[in-house]
Amino acid sequence: MTAKEILDAKGRKVISIKEHATVYEVVVALVTNKIGLLVVNDNKDEIIGVLSERDIVQKCILPKKDPMKLKANEIMTPKEKIIAAAESDDVQVLMNTMTQKKIRHLPIFKGKELSGIISIGDIIKNLLEQKDYEIRTLIDYISGKYPA
């Protein structure tokens with residue numbers, strides 16, 4: 001299964017926030033949308049970075065900075081440092097990237113266009129669905145529903 005197929009199944013909606021939003025506003029957006037990563041856009045709606053829960057903990061909470069004053073662009077991961085994948089990458093490549101880089105979300109690109117974000121939860125869900133299908137197929141085969 002490829003990143004494109006996962007995005008086709010789960011949807012491609014990407015939640016973003018403006019670069020001058022406060023960290024408090026970022027937290028509200030993350031909680032409201034039940035997500036762990038936001039795309040950060042500039043005033044021209046160009047992607048300039050991403051901001052994760054981990055960024056908030058490490059760059060705002062731990063150093064005891066004020067989330068009402070600190071801005072998204074001050075703690076985001078800038079665009080040039082974003083770890084991403086392509087729509088054509090398969091699940092194994094996505095899992096390896098997430099494991100090696102110790103991240104839980106991967107922006108997925110088709111060429112230079114962001115086409116969605118895949119989380120580790122999306123991958124686990126996909127793998128469980130594949131295993132369930134294989135088990136059902138084997139049970140059907142063993143029970144004689146399908147001839148050899």
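Position 1 is the first residue of the sequence, and the numbers go up from there.
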Heavy-atom count around [X] [atom1] within 6.0 Å, excluding the residue itself: above 12?
X	atom1	answer
Glu113	CD	no
Tyr24	OH	no
Lys10	NZ	yes

Check: Between Lys18 and Asp42, is there a side-chain N and carboxylate O pair less than 4.0 Å apart?
Finding: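 Salt bridge between Lys18 and Asp42, a charged N being under 4.0 Å from a carboxylate O: no.
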Next item on the list: Answer yes when Asp8 and Lys4 have at least one side-chain N-carboxylate O distance shorter than 4.0 Å, and no when they do not.
Entry: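 Salt bridge between Asp8 and Lys4, a charged N being under 4.0 Å from a carboxylate O: yes.
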Notebook entry, point to check: Under a single-linkage definition using a 4.5 Å side-chain heavy-atom cutoff for Ile, Leu, Val, Met, Phe, Trp and Tyr, are Met1 and Leu128 assigned to the same hydrophobic cluster?
Noted result: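 Met1 clusters together with Leu128.
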Note to self: Starting from Val27, can I reach Ile61 by hopping between I/L/V/M/F/W/Y residues whose side chains sit under 4.5 Å apart?
What the structure shows: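 Yes, it is one cluster - the side chains of Ile61 and Val27 are joined through contacts under 4.5 Å.
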Measure across [X] and [Y] and return the closest heavy-atom pair with its distance rounded to 0.1 Å.
X	Y	answer
Leu106	Ile83	CD2-O, 3.5 Å
Val26	Ile56	CG1-CD1, 3.8 Å
Ile118	Leu94	CD1-CD1, 4.0 Å
His20	Asn73	CE1-ND2, 3.6 Å
Ile75	Cys60	CD1-CB, 4.5 Å
Asp122	Ile117	OD2-O, 3.9 Å

Check: Does Gln58 use its side chain to pair, donor to acceptor, with the backbone of Asp55 at less than 3.5 Å?
Finding: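 Answer holds: no.
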Next item on the list: For Glu25 and Thr22, indicate whether the former's side chain and the latter's backbone hold a donor-acceptor pair under 3.5 Å.
Entry: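 At least one qualifying donor-acceptor pair exists.
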[X] versus [Y]: any side-chain heavy-atom pair under 4.5 Å?
X	Y	answer
Glu19	Met76	no
Leu37	Ser52	yes
Val39	Ile15	no

Enter the distance from [X]:[atom1] to [Y]:[atom2] here, rounded to the nearest 0.5 Å.
X	Y	atom1	atom2	result
Glu53	Leu30	CD	CG	6.0 Å
Ile47	Ser16	CD1	OG	8.0 Å
Ile120	Ile103	CD1	CD1	9.0 Å
Met95	Asp89	CE	CG	12.5 Å
Lys13	Leu7	NZ	CG	15.0 Å
Ile17	Lys71	CD1	NZ	11.0 Å

Checklist line | Ile108 and Leu114: CA distance, side-chain angles, deciding distance, side-chain contact (heavy atoms from CB on, under 4.5 Å) verdict | finding: CA-CA 6 Å; Ile108 306 298; Leu114 178 66; 5.7 Å; no
Margin query: The test is side-chain contact (heavy atoms from CB on, under 4.5 Å); show your working for Arg104 and Arg54 and say whether it passes.
Written below: CA-CA 10 Å; Arg104 294 176 296 218; Arg54 185 177 292 158; 3.8 Å; yes
Next item on the list: Check step by step if salt bridge (charged side-chain N to carboxylate O under 4.0 Å, His left out) holds for Arg12 and Glu87.
Entry: CA-CA 11 Å; Arg12 296 171 179 272; Glu87 279 195 356; 2.8 Å; yes
Notebook entry, point to check: Does one side chain, of Ser143 or Asp140, offer a donor that lies under 3.5 Å from an acceptor on the other?
Noted result: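 Per modelled atom types, Ser143 and Asp140 side chains form no pair under 3.5 Å.
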Next item on the list: Only one of Ile135, Thr137, Ile142 passes side-chain contact (heavy atoms from CB on, under 4.5 Å) with Ile139; say which it is.
Entry: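 Looking at Ile135, Thr137, Ile142, the match for Ile139 under the side-chain contact (heavy atoms from CB on, under 4.5 Å) is Ile135.
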